[in-house]
> 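Structure below; questions to follow.
Numbering of ligands and ligand atoms starts at 1, following listing order.
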Amino acid sequence: MKVLLAYSSKTKNTKKVAIAIYEQIKELVEVDFIDIRKTKHKLQNYDLYILGCWVDKATANKNMMKFIETQEIKNKNVALFMTCGVPENHYHATDSINNYIQYMKNLNNNVLSSFICQGKIDPKILIVFKILTWKDPNFIHKIDNTMLEWVESSKSHPNEEDFKNAKNWINNTLQSFNKI
Ligand SMILES: Cc1cc2nc3c(=O)[nH]c(=O)nc-3n(C[C@H](O)[C@H](O)[C@H](O)COP(=O)(O)O)c2cc1C
């Protein structure tokens, strides 16, 4: 079985989860492991696509969507993972992964499974968010007490528990995929 493991990561949270997944599967399947920023050419076809990205505005970040479109990932078997600013059991995390799943289903992909965990919110981006909140109090990422709580709770993620969960997730996904 030939697998593509591809990730999009701005501040390395998703990259770290992708590396944990890679470590788990590299001896089990033939896998190409790529950072989408470094891949400009058209890729071959794979039996399974494991695609990781970060949450922006409650869905997959734009670069990942662009990658999926330019690589024409349609009618494929996919497993999806994300990192986001909120705890994984927060409704916003559920909405975000569901939006990513729906986006992939709209392209006729067969979504086998999904995984999401929290990732540290970059302090630099908070400065930008503060300025934008000052300009527009309805700014989508406005800095309020809720946002500050997310920032605080995100500081230690992704952690060892997140990596363990990601490894278990991909193990279970591969096991059930092999049974199909
Ligand atoms: C511009 C920007 C927008 C973001 N929007 C959201 C969001 O809508 N919801 C959320 O939960 N996290 C949001 N985040 C937080 C990131 O998704 C989170 O920190 C993620 O782990 C970053 O992954 P990376 O380190 O791989 O880039 C945003 C971060 C940035 C920089």
> If the cut-off is 4.0 Å to any non-hydrogen atom of His141, which atoms of ligand 1 fall inside it?
3 (C), 4 (C), 5 (N), 6 (C), 7 (C), 8 (O)
> If you measure every N or O of Gly85 against every N or O of ligand 1, does any of those distances drop under 3.5 Å?
yes
> In ligand 1, which numbered atoms sit nearer than 4.0 Å to a non-hydrogen atom of Lys120?
19 (O)
> Looking at Lys2 and Asp32, is any side-chain nitrogen of the basic one under 4.0 Å from a carboxylate oxygen of the acidic one?
yes
> Quick check: does Lys15 get an N/O under 3.5 Å from an N/O on ligand 1?
no
> Consider side-chain hydrogen bond (donor to acceptor under 3.5 Å, both in side chains). Of Gln24, Glu23, Glu30, which one does Lys26 pass it with?
Glu23
> Considering only non-hydrogen protein atoms, determine which one is nearest to atom 25 (O) of ligand 1 and report residue, atom name and distance to 0.1 Å.
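Ranked first by proximity to atom 25 (O) of ligand 1 is Thr11 OG1, 2.4 Å.
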> Below a 4.0 angstrom heavy-atom separation, can you tell me which part of Ser96, side chain or backbone, both or neither, approaches ligand 1?
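No part of Ser96 comes within reach of ligand 1.
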> Taking only residues two or more places apart in sequence, or in another chain, which ones meet Asn45 in a side chain to side chain contact (heavy atoms under 4.5 Å, CB included)?
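Partners of Asn45 under the side chain to side chain contact (heavy atoms under 4.5 Å, CB included) test: Tyr49, Lys76.
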> Please examine the side chains of Lys15 and Thr83, heavy atoms only from C-beta on, and report whether any two atoms are closer than 4.5 Å.
no
> What part of Lys57 sits under 4.0 Å from ligand 1 if we count only heavy atoms: the side chain, the backbone, both or neither?
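Just the backbone.
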> Just to be sure I read this right, does ligand 1 sit under 4.0 Å from the backbone of His92, its side chain, both, or neither, counting only heavy atoms?
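Under 4.0 Å from ligand 1, His92 contributes side-chain atoms alone.
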> Does any N or O atom in Thr83 lie less than 3.5 angstrom from one in ligand 1, N or O only?
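Looking only at distances, the answer is yes, because the N/O contact criterion of under 3.5 Å is met.
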> Report the part of Ile125 (side chain from C-beta onward, or backbone N, CA, C, O) that has a heavy atom under 4.0 Å from ligand 1; answer both or neither where that applies.
side chain
> With nothing but distance in play, are any N or O atoms of Phe129 less than 3.5 Å from an N or O of ligand 1?
no
> Return a yes/no value for Asn13: is any of its N or O atoms, backbone included, closer than 3.5 angstrom to an N or O of ligand 1?
yes
> Of the protein's non-hydrogen atoms, which lies at the shortest distance from atom 17 (O) of ligand 1, and what is that distance?
Val55 O, 2.7 Å
> Which atoms of ligand 1 sit under 4.0 Å from any heavy atom of Thr14?
23 (O), 24 (P), 26 (O)
> How about NZ on Lys10, more than 12 heavy atoms from neighbouring residues, nucleotides or ligands closer than 6.0 Å, or not?
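Counting other residues, nucleotides and ligands, NZ of Lys10 stays at 12 neighbours or fewer.
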> So, for Phe115 and Ile97, which heavy atoms are closest and what is the spacing to 0.1 Å?
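Between these two residues, the closest heavy atoms are O-CD1, 3.7 Å.
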> Does some side-chain heavy atom of Val55 sit less than 4.5 Å from a side-chain heavy atom of Asn99?
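No - every pair of side-chain heavy atoms lies 4.5 Å or more apart.
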